[in-house]
4 protein chains.
Amino acid sequence: MFSDQDPIRQQLIEARRNQILDAAASVFAEEGFHRATTKEIASRAGIAEGTIYNYFESKDDLLIGLMSRLAELETLDDELTEALQGDARDFFVAMFRRRVEHMVEGQETLQAILPEVLVNADLRERYYQRYVLRIAEMLEQYVRTRIELGHIRPVDASLATRAVQAMFVGLLVLRILGDETVVERWETLPELLATIIFDGLRAEGGE
Amino acid sequence: MFSDQDPIRQQLIEARRNQILDAAASVFAEEGFHRATTKEIASRAGIAEGTIYNYFESKDDLLIGLMSRLAELETLDDELTEALQGDARDFFVAMFRRRVEHMVEGQETLQAILPEVLVNADLRERYYQRYVLRIAEMLEQYVRTRIELGHIRPVDASLATRAVQAMFVGLLVLRILGDETVVERWETLPELLATIIFDGLRAEGGE
Amino acid sequence: MFSDQDPIRQQLIEARRNQILDAAASVFAEEGFHRATTKEIASRAGIAEGTIYNYFESKDDLLIGLMSRLAELETLDDELTEALQGDARDFFVAMFRRRVEHMVEGQETLQAILPEVLVNADLRERYYQRYVLRIAEMLEQYVRTRIELGHIRPVDASLATRAVQAMFVGLLVLRILGDETVVERWETLPELLATIIFDGLRAEGGE
Amino acid sequence: MFSDQDPIRQQLIEARRNQILDAAASVFAEEGFHRATTKEIASRAGIAEGTIYNYFESKDDLLIGLMSRLAELETLDDELTEALQGDARDFFVAMFRRRVEHMVEGQETLQAILPEVLVNADLRERYYQRYVLRIAEMLEQYVRTRIELGHIRPVDASLATRAVQAMFVGLLVLRILGDETVVERWETLPELLATIIFDGLRAEGGE
DNA sequence: AATGAATGAGTCTTCATTCAT
DNA sequence: CATGAATGAAGACTCATTCAT
């Protein structure tokens, strides 16, 4: 006879949901969404199959749950956007570092979600709007301002932003594909990416 | 009746295989590998379900077939790699243009393959070795030489190569996700990417 | 604490049982026995799912409970049977009116029970013996006596009784099926049935 | 490579559908729709479970299929309606005989359908419209005409029709409930029903 | 007594694959 | 070679029932 607002109950529910999502992320990442069975997810979560359905509507809903958890992680970034006063290159390095760290933390979840997102029109829209587009727009706004300030070349801000974001998505894909170079030198990426994107690959004093 | 080597027969077989692969690519791209049914593939190819199995071992084999066709397309690139004498920036633009065009041509196939590749360990290895790594190594060799020639900054050639390649993979993902900016301004990408990667985003004369 | 015979406790138990049976009748009638869930029954009774099992052995037992309640209602009829002295037609009208009223009162319960009774061998036997056969035999006895008294044609009393009873069962079915004529003119049924069954449809002075 | 209109194929399909419907009727009648499993239906039809789904959309669709088959049987009756010239009582006996025979032929199907129809709103509407109402209206028209001709008392034709139809439905229910009297003396029903309904139970020269 | 989360057996349904024609 | 009906293994999901609190 607890109220629906009962905070203890809410916490238990949240804990159980996370326990299930963790298991789901792990199985989805390993086997892919379709090959993953609810039986295996349940077993990995240490619960019965039916229990999943006390917390999630359907197997699809597990993916949505994973996406939502991921989106929550990202809200932290908003603050970063306000740092316009500092050096542009420093900002890029800092931002790259953030994103690169997030991707490692969230790799399992991303690996669980991404392939299915590419394939499921509903999820695609949802994922794109909540996750990709939101970040793209934040970054785009930043780039646009920096261009106005004369710190950045007057490039197509919208497309340039996508290119940079694409690089991160692509690096995630390479990680998933098991590319050793990317995995092993992951820590050095932020500095390298800043060099490529901000300074350019052209040798200084070249031509 | 005919010998296995009979060239007419070989051609017919090849034609039929392509007909089936086209249908498969189309259904996989729309529905994803798992939601795609052999019934739908057969219907889209205008043949009976059973006929598929006269040309392919299994549904998985269709994916492998698609990957092989894709790999053949790419062999053309090898020649490009030898163009070391020209201007580095021009080379980048030319290469980016090639790749960007290939990606549009092959988008359906790539969209069909990529999500499943991310999810299936066997295909992952196969795809990575034949497709990603081969190109990465070619490009890496090129970059390494350009560095030695002093045309390119002395960056981590291996990782930089991955970053560039990642950008293309990521752009494909953004296309699949339906990003309007990327789709609409696709033609302007090669030049922009060259600017970003080769020249850098830093405003000239800045700081 | 209380003795099992404690009358207060007995009454509380009875009240709770009725509360649950009411909810069950309502859900069974709407959804049918199988589609009805104990969760919904509990919710409609304003109690927890588990509580049902403190008062009933199983979901099946709810149906048995409903049948028993129905049978209790019917015991009133016994008295009627003794009314042999009056006019036969008047008796029929009176009896039809009784039954027709009972059917409306008990419609929800009957609608809940009947479909499952038709389908479940155990219940079928139970329902038939306690409910159908008991009434059939009472009625049959009455008809038989009336025949001996010369008030009624010498028909096959047993089968004629079933035919009359069948009419009521059938009218219930038509109500459940939502027949508008039957529902709207329900009040006029007793008189009409007496006309049909006792007087016959043949026009007077016919032939 | 047969055309969709290919008559041989059409016949094979029809035969298979009937084979499956026969098995379904048999299992539904014994166990009830919900307790019946597709596995059991398949096994009783001598086919694999999956084969059912090559011929029917779903388990529900089997019920609809059974209803349609039943409706086809009934179209024969239409002719009967035109027989207005003969003696009314004779007509009733003939009609009762028809219906009573049909009910035995179709008992299994009716027993399979009826309980679920009482419980499923979609089927209820469908069954009532196609099966109950159609016959009711035919019969009602007949009764109305006979009343105008002065062969039948001026009763509420619509309701009287329902009462008669209800009797048949009720007799089916009593058969399903296993009433021995009804089952054993089934053959004598038409004559008895004519006596009850047309002549009335009142003893001739009574009162 | 009341609760309701956890359970897991049971089922419909899908669909890749086979094979007789 | 082509066909497509038949197959049956596999899996998501439901829900009556239990039992620790």
Side-chain angles (χ1 to χ4, degrees), chain A residues 1-2 9 12-13 16 33-43 45-62, chain B residues 1-2 9 12-13 16 33-43 45-62, chain C residues 1-2 9 12-13 16 33-43 45-62, chain D residues 1-2 9 12-13 16 20 34-43 45-62:
Chain A
M1 214 62 135
F2 298 103
R9 165 151 310 191
L12 286 175
I13 288 176
R16 188 68 97 185
F33 180 73
H34 281 97
R35 255 180 291 275
T37 65
T38 50
K39 186 187 274 290
E40 172 68 14
I41 294 169
S43 128
I47 58 173
E49 218 178 334
T51 304
I52 294 173
Y53 292 87
N54 291 337
Y55 295 88
F56 295 91
E57 300 256 326
S58 64
K59 196 183 168 192
D60 280 0
D61 198 31
L62 290 171
Chain B
M1 300 300 169
F2 301 101
R9 158 147 311 200
L12 286 175
I13 288 178
R16 186 72 92 175
F33 180 74
H34 279 98
R35 255 180 291 275
T37 64
T38 50
K39 189 187 213 61
E40 173 68 12
I41 295 169
S43 134
I47 59 172
E49 230 178 324
T51 305
I52 293 173
Y53 290 85
N54 290 333
Y55 295 89
F56 295 91
E57 299 258 325
S58 66
K59 195 183 169 192
D60 280 356
D61 198 29
L62 290 172
Chain C
M1 298 298 171
F2 299 101
R9 158 145 312 200
L12 285 175
I13 288 178
R16 187 70 93 177
F33 180 73
H34 279 98
R35 254 180 292 275
T37 64
T38 50
K39 190 188 213 60
E40 172 68 12
I41 294 170
S43 134
I47 58 172
E49 230 178 323
T51 305
I52 293 173
Y53 290 85
N54 290 334
Y55 295 89
F56 295 91
E57 298 260 326
S58 66
K59 195 184 169 192
D60 281 355
D61 198 29
L62 290 171
Chain D
M1 214 65 134
F2 298 104
R9 165 150 310 189
L12 286 174
I13 288 177
R16 188 69 99 184
I20 293 169
H34 281 98
R35 255 180 291 275
T37 65
T38 51
K39 187 188 271 294
E40 172 67 13
I41 294 169
S43 129
I47 58 173
E49 221 176 333
T51 304
I52 294 173
Y53 291 85
N54 290 337
Y55 295 89
F56 295 91
E57 301 255 327
S58 64
K59 196 182 169 192
D60 279 0
D61 198 30
L62 290 172

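If you're wondering where the values come from, they're calculated on a predicted model, not measured in any experiment. Values below: every heavy atom of this structure, side chains too, minus hydrogens, waters and symmetry copies. In what follows, chains carry the letters A, B, and so on, assigned in the order in which the sequence lines appear, proteins first and then strands, with residues in each chain numbered from 1.
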### Message
The criterion is side-chain contact (heavy atoms from CB on, under 4.5 Å); which residues satisfy it with C:E40, sequence neighbours excluded?
### Response
C:V27, C:T37, C:S43, C:R44

### Summary
For A:K59 and A:A36, the nearest pair of non-hydrogen atoms, with its separation, is NZ-O, 2.9 Å

### Task
Would you name the heavy atoms of B:R35 and A:H34 that are closest together and state the gap between them?
NH1-NE2, 3.5 Å

Pairs under 3.5 Å (N/O, protein and nucleotides 11-15 of chain F):
| unit_1 | atom_1 | unit_2 | atom_2 | d |
| --- | --- | --- | --- | --- |
| F:dA12 | OP1 | A:A36 | O | 3.1 |
| F:dA12 | OP1 | A:K59 | NZ | 2.9 |
| F:dA12 | OP2 | A:T38 | N | 2.9 |
| F:dA12 | OP2 | A:T38 | OG1 | 2.9 |
| F:dC13 | OP2 | A:Y53 | OH | 2.8 |
| F:dC13 | OP2 | A:K59 | N | 2.8 |
| F:dC13 | N4 | A:E49 | OE2 | 3.3 |

### Task
Quick one: closest heavy-atom pair of C:I52 and C:T38, and the distance?
CD1-O, 3.6 Å

### Summary
To the nearest 0.5 Å, atom CD1 of D:I47 lies from atom CD1 of D:I20 at 4.0 Å

### Summary
5'-most contact on DNA chain E (nearest-nucleotide basis), C:A48 vs A:R16, goes to C:A48

### Query
Residues two or more places apart in sequence or in another chain: which of them pass side-chain contact (heavy atoms from CB on, under 4.5 Å) with B:L12?
B:I8

### Query
Reckon D:I47 touches a base, only the sugar-phosphate, or nothing at all at heavy-atom distances under 4.0 Å?
sugar-phosphate

### Query
Of D:G46 and B:Y55, whose closest DNA chain F nucleotide lies nearer the 5' terminus?
B:Y55

### Task
Go through the structure and list residues passing side-chain contact (heavy atoms from CB on, under 4.5 Å) with D:D61, not counting sequence neighbours.
D:F56, D:E57, D:S58, D:I64

### Message
What's A:F56 touching, base or sugar-phosphate or nothing? Going by heavy atoms closer than 4.0 Å.
### Response
nothing

### Task
Select base, sugar-phosphate, or nothing to describe what C:I41 touches, counting heavy atoms under 4.0 Å on all strands.
nothing

### Query
How long is the line joining CD1 of C:I52 and P of E:dT3, in whole Å?
11 Å

### Query
Is DNA chain E part of any stem, that is, at least 3 consecutive Watson-Crick or G-U pairs with both distances under 3.5 Å, and where?
E:2-21 with F:2-21

## Note on the structure
C:T51 meets the side chain to side chain donor-acceptor pair (under 3.5 Å) criterion, sequence neighbours left out, with none

#### Entry: Atom pair distance, as rounded to whole Å: CD in B:E40 and C1' in E:dA16
15 Å

